[in-house]
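A short write-up of the structure that comes next.
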Amino acid sequence: MIDPFKKLSLDELCRKIAENKKTLILYHVRPDADAVGSAFALRELFRVMEIPAYCACSDDIPERLLFLADGVQGSAILDDDMKIDYERIISVDSASPSQLGSLFERLHRDVDIMIDHHAKGTVYADNYIDPTAAATGEIIYRMARRMVELKYIDRIPERTLNCLYAAISADTGCFKFSNTTPQTMRIAAELIEADVDFSRINTLLYDSKPLIQLKAEGEAIYRLRTYMDGRISSVVFPYSLKCSLGASSEHLETLIDVARSVEGAEVSFVVKQNTEEKLFNVSMRSAGDIDVSEICARFGGGGHQRAAGCRLVAESAESAEKKVLEEIIKKF
Ligand SMILES: [Mn+2]
């Protein structure tokens, strides 16, 4: 089959971006800092080129990432009755249509350009995809730098630089994950030379959490369990506990980091019950060779080899844990 979509070179991408067209920028559901940072970095580039641009997502921006969007949630969500006048759509950090959520259907699937760094996915538009980039923010930075060389812009605006630093820092776990490359570090160095507020950004991303979230982590530490001589670790977090803490789902996002911090744990998982329903969300991580996306696929979920998730129906959080554990043990 002939690929209906074109792979763009960096210069072609720059030329297209500089076209004066009202632009809608989309980013993926359950947005992370790479998605939000890349989208708002791009929006700022359009602003200096005096091209109208608007960012939209099927989900809200998490509270802790609102600093990347100037604190404006309203600029991120596309209401049903909101008519946005646009001439093209650009997506960032979104490897497959499903990652764009309901907006993809509502906008009649007509994305014009996708900019992404995921190796696997379903291509849905003309694209610039570079899996060697640690973050989509890295690609946007290279693009912005080239746009200066090609004289589409005089310089990269400060807001863009700050958003891109946050995007790259987040996707590399503050430059410590294995996707960090010499190129990532060189870009980070250029960003620091350009005076980005890296210390503040890293504090906001990693060293500052709502009290409720810390209390939830405390409960998780207390509830840690290990199996198979410590090679598997888990946390079970029932709805009643979530209610008693007054926690939102966002407050429970770091529980998996608690589980995977246990020394010697090769597979870690968290079972969370977000509502009264007997439906359980599972996050899973692998520290070694076991492919957790295969385990999650058994329950209809998926993800990457070392980070995956799924949902399952069970009588209780305990029995959900048991079902998941049985599948994990088969891999040992
Ligand atoms: Mn990313």
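As the structure is a computational prediction, the values presented were derived from the model and not from experiment. In each ligand, atom 1 is the first atom listed, and ligand 1 is the first ligand listed.
- The distance from the Mn ion (ligand 1) to the nearest N/O/S atom of His117 is under 2.8 Å.
- Looking at Asp93 and the Mn ion (ligand 1) together, the shortest N, O or S contact belongs to OD1.
- For the pair Ser233 (side chain) and Ala259 (backbone), a donor-acceptor distance under 3.5 Å is present.
- Using a cut-off of 2.8 Å, one finds that Asp116 contributes no N/O/S atom close to the Mn ion (ligand 1).
- Ring geometry for Phe198 versus Tyr165: interplanar angle of 30 to 60°, hence tilted.
- Here the closest non-hydrogen pair linking Ala33 and Leu65 is N-CD1, 3.5 Å.
- Our summary of the site lists the angle at the Mn ion (ligand 1) between OD2 of Asp34 and OD2 of Asp171 as 80°, to the nearest 10 degrees.
- Checking Tyr206 against Ser169 by side-chain atom types alone, a donor-acceptor pair falls below 3.5 Å.
- Not one N/O/S atom of Asp32, from backbone or side chain, sits under 2.8 Å from the Mn ion (ligand 1).
- Here Arg142 pairs with Glu138 in a salt bridge; the nearest charged N to carboxylate O distance falls below 4.0 Å.
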